[in-house]
Amino acid sequence: MGNKVVRHDFEWVYTDQPHSDRRKEILAKYPQIKNLMGPDPHLKWIVSSMVLVQLLCCYLVRDLSWKWLFFWSYVFGGVINHSLTLAIHDISHNVAFGNKAAKWNRFFAMFANLPIAVPYSTSFKKYHIDHHRYLGGDGLDVDIPTDFEGRFFCTPIRKILWIVLQPLLYVLRPLYVNPKPVTQLEVINALVQFSFDMVIYYLWGLKPVAYLLAGSVLSMGFHPISGHFIAEHYMFLKGFETYSYYGPLNLLTFNVGYHMEHHDFPSIPGSKLPLVRKIASEYYDTLPYHTSWGRVLWDFIFCKELGPFSRIKRECELAKKD
């Protein structure tokens, strides 16, 4: 990974992101990949089952001690909630009901949002579009850390703190980097979510609400599954800005690890992304990839040259016009 020195700025590049060109090249060679695009008929049933499991857990934990409540929030409920955030990621690309039923996708994402305990799905969709369209775009892609994050979270202890704080940073960063007006759907998302939380509280008390909220916060922070936040776009090798992960945790995360394939073909559901790699293997097998999100977290924390500044950044046309 080059010289073992702490980075003091992002890796600025002056080229377009590679995904659109690779997409065109792959489709020209393998037009059958277009057949993989479109809704996943199983997604809505899988997500609905996960929501129902969390509802059952809310009932089961109502009299649990706080110690065991937080334990199960971390090892079980948090895994489901984190997985639901990644289902929402898939749904944001309209793969639950298709592009012709975009509103159904938005409302189903709100349903998937319920166990997460805080409104998330609509705001995520609003900013995730920019992440694909302007990958690494200065002032546009809110997945990129701020300069403060890069300067401050630069030692192992501080990087651990940065990972723990990921849920908070993902909420606050868009408000600073690229604030947007609140939409009507975001208001609906909030009303639906907080109404659900109040119903759970009314039926079974505070502990089920704490179970859901703790699961979301803990699993989005220092948790093995949260390694995907760093694995996807942090520059472990100079010049490479997107990485796939090929490992067993894809089974719990709607194949979010197939991230190179996802950015090349965002309209293909996660369940079919392994087929993209299989069909166009010569395009992906030669690219760097991860096999362990745990190893990603370890390397990120203890390698001096890795940190919040380890991201490729570029100026995009929209940013220049603004």
Side-chain angles (χ1 to χ4, degrees), residues 1-2 7-31 33-34 36-37 89-90 92-95 99 124-147 149-150 170 173-174 176-180 228-245 255-270 272-273 276-277 279-290 305-322:
M1 284 186 287
R7 296 188 64 91
H8 297 290
D9 196 3
F10 298 101
E11 181 82 4
W12 285 88
V13 299
Y14 303 94
T15 57
D16 291 334
Q17 59 167 296
H19 297 288
S20 56
D21 287 342
R22 184 163 51 240
R23 180 187 311 123
K24 294 175 184 175
E25 188 174 335
I26 291 175
L27 285 176
K29 188 172 182 179
Y30 300 108
I33 284 180
K34 291 181 181 179
L36 303 177
M37 299 176 183
H89 165 259
D90 242 18
S92 74
H93 292 285
N94 294 334
V95 301
N99 290 320
F124 174 82
K125 164 70 175 177
K126 181 170 69 174
Y127 284 102
H128 191 62
I129 294 171
D130 289 342
H131 172 63
H132 277 269
R133 187 176 296 161
Y134 308 111
L135 181 63
D138 185 31
L140 291 171
D141 184 358
V142 298
D143 193 56
I144 298 283
T146 61
D147 288 343
E149 292 172 66
Y170 267 84
R173 194 185 296 141
Y176 173 76
V177 174
N178 187 16
K180 295 183 178 184
H228 79 87
F229 288 125
I230 296 168
E232 290 165 1
H233 295 293
Y234 283 79
M235 194 174 61
F236 281 71
L237 288 176
K238 185 177 178 65
F240 292 92
E241 62 183 315
T242 305
Y243 300 77
S244 284
Y245 155 80
N255 282 332
V256 73
Y258 286 80
H259 216 66
M260 186 75 74
E261 294 86 346
H262 170 64
H263 271 263
D264 287 350
F265 300 99
S267 59
I268 294 179
K272 297 179 181 178
L273 289 176
V276 174
R277 185 192 180 201
I279 292 170
S281 58
E282 71 271 26
Y283 287 92
Y284 297 108
D285 290 349
T286 57
L287 295 172
Y289 59 87
H290 299 289
E305 67 273 29
L306 291 173
F309 272 141
S310 301
R311 291 292 296 265
I312 285 180
K313 208 171 185 183
R314 56 174 57 84
E315 286 194 23
C316 296
E317 289 298 321
L318 181 58
K320 291 178 181 178
K321 290 177 183 177
D322 291 342

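- For the ring-ring contact (aromatic ring centres under 6.0 Å, His included) test, no residue two or more places apart in sequence or in another chain qualifies with Tyr134.
- Under the salt bridge (charged side-chain N to carboxylate O under 4.0 Å, His left out) criterion, Glu11 pairs with Arg7, Lys238, sequence neighbours left out.
- Side chains of Ile144 and Val177 form no contact here, defined as non-hydrogen atoms less than 4.5 Å apart.
- The shortest side-chain heavy-atom distance between Phe236 and Ile230 falls under the 4.5 Å cut-off.
- Between His128 and His93, the gap from one ring centroid to the other is short of 6.0 Å.
- In this structure, the ring of Phe309 has its center less than 6.0 angstrom from the ring center of Phe10.
- Evaluation of the side-chain hydrogen bond (donor to acceptor under 3.5 Å, both in side chains) rule for Lys272 yields no partner, not counting sequence neighbours.
- Partners of Lys180 under the side-chain hydrogen bond (donor to acceptor under 3.5 Å, both in side chains) rule, at least two apart in sequence or in another chain, are Asp130.
- Atom-to-atom distance recorded for Asp264:CG and Tyr284:OH is 3.5 Å, nearest 0.5 angstrom.
- A 6.0 Å sphere centred on OH of Tyr30 holds more than 12 heavy atoms belonging to other residues, nucleotides or ligands.
- The side-chain hydrogen bond (donor to acceptor under 3.5 Å, both in side chains) check on Thr242 picks up His19, His233, with sequence neighbours excluded.
- Evaluation of the salt bridge (charged side-chain N to carboxylate O under 4.0 Å, His left out) rule for Glu232 yields no partner, not counting sequence neighbours.
- The number of heavy atoms from other shown groups lying within 6.0 Å of CG (Asp16) does not exceed 12.
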